[in-house]
Visitor: 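Provided herewith is a single structure, encoded as structure tokens, for subsequent inquiry.
It should be emphasised that the depicted structure is a prediction, and the values quoted were computed from it without experimental measurement. Every number for a ligand or one of its atoms is a count from 1 in the order of the listing.
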Amino acid sequence: MTSFAGNVNHEDGIFRPEANFSPSLWGNIFSYTTRDNLVFEKNIEEIEVLKEEVKHMIISTTSNDAIEKIHLIDTLERLGISYHFEEEIEDQISKMFDQNVIREEDDLDKVALYFRLFRQHGYPISSDHFNQFKGNNGKFKETLLKDAKGLLCLYEAAHVRKHGDDILEEALIFATYHLEKITPNTLDSTLEKQVTHALMQSLHRGISRVEAHFNISIYEECESRNEKLLRLAKLDYNLLQVIHKEELSELTQWWKDLDFASKLSYVRDRMVECFFWTVGVYFEPQYSQARIMLAKCIAMISVIDDTYDSYGTLDELVVFTEAVDRWDVSEVDRLPNYMKPIYTILLDLFEEYEIEVKKQDRCNGVYYVKEAMKEIVRSYYIEAEWFIEGKIPSFKEYLSNALITGTYYLLAPASILGMRSASKETFDWMINKPQILVASALIGRVIDDIATYKIEKEKGQLVTGIECYMQENNLSVEEASAKLSEIAENAWKDLNKECIKPTSMPTEILMRVVNLTRLIDVVYKNNQDGYSNPKNNVKSVIEALLVNPINM
Ligand SMILES: CC(C)=CCC/C(C)=C/CC/C(C)=C/COP(=O)(O)OP(=O)(O)O
Ligand SMILES: [Mg+2]
Ligand SMILES: [Mg+2]
Ligand SMILES: [Mg+2]
């Protein structure tokens, strides 16, 4: 947003705000990474052997006991290794759902575990199964208060609720209240750690790599742990980290060659955080190229957002917006000098996408992503016009534009560019803003608006969700923030519903949108902006995912 508030400098005679984003936290830490091929190959061999043994555990009929199976599946998912066994797990889950195994259960932890996993795998299991835990007074039974493990499972299950699961609305309040009230050192230490972590980060809204890191440390403390599962989880976690570090090293080189960090003093230098975003979207090895393509798209939209928000004058922005709309390298001559590299790098990047997509003989969705990029800069420009006019639109009008500037209508199609399974139909579906994507975009937008309101107001950005909502409803910042949080909560229920079969797209596609939404829950935790200020929420997570291997 063009703003004349804050410090100004007279670089080129034009008043511009002083950029005050903190520098990158990471220095050259990711620039070089050396793979020890011998160790890498040896670990792969051991992983393959362990995978066969675990596969056998999943499909073996000896343990016909469904609850043992569902606990094994839950453990594999928590440890981040379930992606090796998708078919076997799907087969077991669908059998257990068809056999209606949940019907025989009256333990809260077991019912909640079945319920959560059935819902997360897209099965329309009813939340009525929780009615048995209510007394005649219609409230959850007091006896449950002694069952911390059951409360924890109920809390986690409540996060997969959709509209209409009223009992789970109550369950979330009931479980959260009583878990928070548990006096320290009254539970066994491992369970206590799980409760503390869950209250900060629910499993359903967490990022699977981040949850895997935590759950491996928990599983290591469990007496009942299976040593082979633990070893497989650790080997696999560290192997993926080597792969991710190599991708990040390529990206930091690309970013360093662009040298935006010094050429454009006003932009956020966040290449590492942009890559982290993609590890949240898909961490598996087969999405390596997809991560690199998506990370570059996020980095470029970040530079462009800062250009509209905190540096460009309206005259400059109208030229840039037209140039992107025309998408022709000859447009660069019309741009002010500082914008020239942004524009040429953007066009180069999409050239790269075209080559990559053709090379891999994949559906060419580049056209769709390009249209989404044009759409987002048009919306950035509308924000800039509102600012100059001093207009505070109604919240509804604001949102119709801001759902686009929230970037997910661009990042979701960009995330499937690198996916073999993305067809023309997939891109058509994505570009027509399906309900699940609208819910995701809404969550990203309003959560970002709450978290970045203060700093954007200081910089003179007045057209934000909080400001519009406050003005229209004559509310305080706190009241408007609470309302926007409620909008996000309702959007999560919409998103959860869209994942229940029969779904409009295969799970592999839907999970990109769900994971993009999970990133918002993690990066903007406690209404803090972990992207612009990665010391909030993100630094320690990136160190766990991309710096320090897990001790074997
Ligand atoms: C909006 C959002 C949650 C995006 C998540 C994906 C992501 C990291 C996009 C890259 C840059 C960007 C627009 C970040 C939000 O910052 P900002 O607060 O400056 O965005 P704004 O100017 O649109 O408010
Ligand atoms: Mg911004
Ligand atoms: Mg912006
Ligand atoms: Mg913002």
Side-chain angles (χ1 to χ4, degrees), residues 1-3 5-6 16-22 260 264-270 273-274 277 297-314 316-318 320-321 324 339 342 372-388 391-393 395 398-411 441-470 477 480-481 484-485 487-488 516 519-521 523-534 536-538:
M1 182 56 55
T2 323
S3 72
R16 296 181 192 276
E18 195 85 3
N20 50 13
F21 287 119
S22 55
F260 282 153
L264 305 170
S265 60
Y266 61 88
V267 303
R268 286 167 286 192
D269 182 359
R270 298 290 180 273
E273 289 75 13
C274 292
W277 218 276
C297 184
I298 297 177
M300 284 311 293
I301 199 63
S302 185
V303 167
I304 294 168
D305 174 63
D306 290 333
T307 302
Y308 279 79
D309 282 355
S310 354
Y311 197 79
T313 65
L314 207 60
E316 293 167 345
L317 295 176
V318 73
F320 187 84
T321 310
V324 171
M339 284 184 167
I342 304 173
M373 183 61 82
K374 294 179 184 180
E375 183 186 45
I376 197 170
V377 298
R378 282 198 295 272
S379 289
Y380 280 156
Y381 184 71
I382 289 170
E383 281 181 347
E385 276 187 323
W386 282 343
F387 175 80
I388 293 299
K391 170 179 176 175
I392 301 279
F395 185 66
Y398 162 79
L399 211 49
S400 68
N401 190 62
L403 283 182
I404 297 166
T405 63
T407 74
Y408 275 10
Y409 291 151
L410 165 71
L411 299 189
L442 185 54
I443 292 163
R445 183 67 275 164
V446 297
I447 295 297
D448 173 87
D449 278 350
I450 297 168
T452 59
Y453 169 70
K454 199 162 152 290
I455 186 152
E456 284 162 355
K457 187 165 173 68
E458 278 160 19
K459 294 176 81 152
Q461 270 184 257
L462 288 183
V463 183
T464 62
I466 296 278
E467 206 63 50
C468 296
Y469 202 90
M470 273 168 73
V477 176
S481 297
L484 265 57
S485 292
I487 290 172
L516 277 166
L519 275 146
I520 299 297
D521 193 80
V523 174
Y524 291 89
K525 186 66 64 188
N526 303 324
N527 294 337
Q528 303 212 304
D529 174 2
Y531 176 69
S532 309
N533 309 306
N536 299 327
N537 305 325
V538 164

Visitor: Scan side-chain atoms only and decide if T307 and Y380 contain a donor-acceptor pair under the 3.5 Å cut-off.
Guide: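 Checked: T307/Y380 side chains show no N/O donor-acceptor pair below 3.5 Å.
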Visitor: Is the terminal nitrogen or CZ of K459 (NZ for Lys, CZ for Arg) located under 6.0 angstrom from the six-membered ring centre of F21 and within 45° of that ring's axis?
Guide: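 Verdict for F21: a cation-pi partner in K459.
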Visitor: Name of the D448 N, O or S atom nearest the Mg ion (ligand 4)?
Guide: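 Considering only N, O and S atoms, D448 comes nearest to the Mg ion (ligand 4) through OD2.
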Visitor: Between S379 and N401, do the side chains contain an N or O donor and an N or O acceptor separated by less than 3.5 Å?
Guide: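 The answer is yes; a qualifying pair exists.
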Visitor: To the nearest 0.5 angstrom, please state how far the CG atom of L519 sits from the OH atom of Y524.
Guide: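 It is 10.0 Å, given to the nearest 0.5 Å.
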Visitor: Under the side chain to side chain donor-acceptor pair (under 3.5 Å) test, which residues partner Y409, sequence neighbours left out?
Guide: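 Once residues adjacent in sequence are excluded, Y409 has no partner under the side chain to side chain donor-acceptor pair (under 3.5 Å) criterion.
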Visitor: Answer yes if the side chains of D306 and S310 hold a donor-acceptor pair under 3.5 Å, and no otherwise.
Guide: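 The criterion, which ignores hydrogens and geometry beyond distance, is not satisfied for S310 and D306.
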Visitor: Number of protein N/O/S atoms less than 2.8 Å from the Mg ion (ligand 2)?
Guide: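 Protein heteroatoms (N, O, S) closer than 2.8 Å to the Mg ion (ligand 2) number 2.
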